[in-house]
Amino acid sequence: MPLRPNAREPGLVRDYGGVKRGEFGALLDLLAVLVAGVDLRVRLANLQGEKIFCTGGNTGIGKATAAQLAIRGARVILACRSKQRGEEAAREIRMETGSDAVFFMQLDLSSQKSIRSFAETFLKAEPRLDLLINNAALAAPGRTEDGLGMILGVNHIGPFLLTNLLLERLKECAPSRVINVSSCGHDLGTIDFDCINTHKKLTLGSSDADLFRAYTHSKLCNVLFTHELAKRLEGTNVTCYSLHPG
């Protein structure tokens, strides 16, 4: 039976006081509040010394988020599939912000082999992780390297695996946070376990409407994952949030 969301579930951030600061403002302000527990109507969060990892940081919301975090003093690692675009985005953010603490690491969320390799390299190279931002997502047809529907694999299974591989480091560096960028579209989503078990996809079909439905289902997966992870991490001082970036 398909599973539908409960809009009042813990772990889903809907509103944080109505602060508006232009394009991406709501997300960036909310991220800073979640990172440092600071109301930005009073002052900006100082993230000096914080080590933050953001997927999909080479464009759009992820890039804007990374830039704001860098401005506030954080060491930011952008994880992207394209080496060229990732290195270019890191270079642009360094130039725009004046921070030299913005770096690129290659990660393909459609490949579990790439995710495991990335986590191993990251854990060897980085002794700290204060904040994990699972931002990357897509609405594309096809299948992943592991045979999953592309939207299921990249939007949910990939971040799920990545988070669990990095979880012990987050615990060691507590207080720390996991932020999963979801969407208000999760309200339209359902979880059809029969479809997942049989076809390894969130929905059948490849039309634009089908891809949109699969995207909303994946955003519900993000919310439910955040809620369950938050429950399992009670008492560890690792806190979990999901949000709509708007």
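Residue indices begin at 1 and follow the sequence shown.
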If you take all heavy atoms of Ala140 and Met150, which pair is closest and at what distance? O-CB, 3.7 Å
Going hydrophobic residue to hydrophobic residue with side-chain gaps under 4.5 angstrom, can you get from Ile196 over to Ile157? yes
Determine which pairs satisfy side chain to side chain donor-acceptor pair (under 3.5 Å) with at least one residue from residues 89-107, sequence neighbours left out, and list them in order. Lys63-Glu92
Treating Ser111 as the side-chain partner and Asp108 as the backbone partner, does any N or O pair qualify as donor plus acceptor under 3.5 Å? no
Rounded to the nearest 0.5 Å, what separates atom CG in Leu129 from atom CD1 in Ile52? 9.0 Å
Once side-chain hydrogen bond (donor to acceptor under 3.5 Å, both in side chains) is applied, do any residues pair with Glu88, and if so which ones, sequence neighbours excluded? none
Are Ser176 and Asn237 packed together at the side-chain level, in the sense that at least one heavy-atom pair is separated by less than 4.5 angstrom? no
In the structure I gave you, are the side-chain heavy atoms of Leu220 and Thr216 within less than 4.5 Å of one another anywhere? no
Would you please name every residue forming a side chain to side chain contact (heavy atoms under 4.5 Å, CB included) with Asn134, sequence neighbours left out? Thr55, Leu132, Pro159, Leu162, Thr163, Val178, Asn180
Between the SG atom in Cys80 and the CD atom in Glu87, the distance rounded to the nearest 0.5 Å is 10.0 Å
Would the distance check show the side chain of Ser82 and the main-chain N or O of Gly86 forming a donor-acceptor pair, the cut-off being under 3.5 Å? no
For residues 124-139, which residue pairs qualify under salt bridge (charged side-chain N to carboxylate O under 4.0 Å, His left out), counting only residues two or more places apart or in two chains? Lys51-Glu126, Arg75-Glu126, Glu120-Lys124, Arg128-Asp130
Kindly indicate whether the side chain of Arg85, heavy atoms from C-beta on, has any atom under 4.5 Å from the side chain of Thr59. no
Just by modelled atom types, is the Val223 backbone N or O under 3.5 Å from a matching donor or acceptor in the Ser242 side chain? no
Report whether Leu224 and Val154 are members of the same hydrophobic cluster (ILVMFWY, side-chain heavy atoms less than 4.5 Å apart, transitive linking). yes
Looking at every heavy atom in both Leu78 and Gly57, which two are closest together, and how far apart are they? CD1-O, 3.7 Å
Checking side-chain contact (heavy atoms from CB on, under 4.5 Å) for the pair Met105/Thr121: CA distance, chi angles, key distance, verdict? CA-CA 9 Å; Met105 291 182 69; Thr121 301; 4.0 Å; yes
Does a side chain donor of either Gln112 or Arg116 reach within less than 3.5 Å of an acceptor in the other side chain? no
Non-neighbouring partners of Lys200 that pass side-chain hydrogen bond (donor to acceptor under 3.5 Å, both in side chains), sequence neighbours left out: none
To the closest 0.5 Å, what do you measure between NE2 (His244) and OG (Ser182)? 9.0 Å
Should Asp192 and Leu202 count as side-chain neighbours, where that means a heavy-atom distance under 4.5 Å? no
How long is the straight-line distance from CG of Asn58 back to NZ of Lys83, given to the nearest 0.5 Å? 13.5 Å
Taking side chain as C-beta onward, heavy atoms only, is Val238 less than 4.5 Å from Pro175? no
Suppose we screen for side-chain hydrogen bond (donor to acceptor under 3.5 Å, both in side chains). Which residues come up paired with Asn155, at least two apart in sequence or across chains? Ser218
Where at least one partner belongs to residues 149-173, residue pairs that pass salt bridge (charged side-chain N to carboxylate O under 4.0 Å, His left out), sequence neighbours excluded: Glu168-Lys171, Arg169-Glu172
Hydrophobic cluster membership, with links at side-chain heavy-atom distances under 4.5 Å among I/L/V/M/F/W/Y: are Phe225 and Leu170 in one? yes
Is there a side-chain contact between Ile191 and Cys221 in this structure, where contact means two heavy atoms from C-beta onward sitting under 4.5 Å apart? yes
Can you pull out every salt bridge (charged side-chain N to carboxylate O under 4.0 Å, His left out) where at least one residue sits in residues 223-237? Sequence neighbours excluded, please. Glu228-Lys231, Glu228-Arg232
For Gly158 and Ile115 the tightest heavy-atom approach is CA-CD1, 3.6 Å
According to salt bridge (charged side-chain N to carboxylate O under 4.0 Å, His left out), does anything in residues 137-147 pair up with another residue at least two apart or in another chain? List the pairs. none
Closest heavy-atom contact between Asn135 and Gly62? ND2-CA, 3.4 Å
Please collect all ring pair (Phe, Tyr, Trp, His ring centres under 6.0 Å) contacts where either partner lies in residues 76-124, sequence neighbours excluded, each pair once. Phe53-Phe118, Phe53-Phe122, Phe118-Phe122
Working to the nearest 0.5 Å, report the span between CG of Leu229 and CG of Asn164. 7.0 Å
Minimum-distance pair of heavy atoms, taken over all atoms of Leu148 and Gly153: CD1-CA, 4.1 Å
Can you list the residues that meet the side-chain hydrogen bond (donor to acceptor under 3.5 Å, both in side chains) rule with Asp210, with sequence neighbours excluded? Ser207, Arg213
Determine the sole option in Val76, Ile61, Val181 for which the side-chain contact (heavy atoms from CB on, under 4.5 Å) test with Ile133 is passed. Val181
Any donor-acceptor N/O pair, His217 side chain to Thr190 backbone, under 3.5 Å: yes
Between Leu123 and Leu107, is there shared hydrophobic-cluster membership here, with clusters defined by ILVMFWY side-chain heavy atoms closer than 4.5 Å? yes
With a 3.5 Å distance limit and no angle check, can you tell me whether His186 reaches the backbone of Ser183 through a side-chain donor-acceptor pair? yes
Could you note down all residue pairs passing ring pair (Phe, Tyr, Trp, His ring centres under 6.0 Å) where residues 162-185 supplies at least one of them, sequence neighbours left out? none
Inter-residue atom distance Asn222.CG - Ile179.CD1, 0.5 Å rounding: 13.0 Å
Using the rule that Ile, Leu, Val, Met, Phe, Trp and Tyr join whenever any side-chain heavy atoms are under 4.5 Å apart, tell me whether Phe193 and Leu204 fall into a single cluster. no
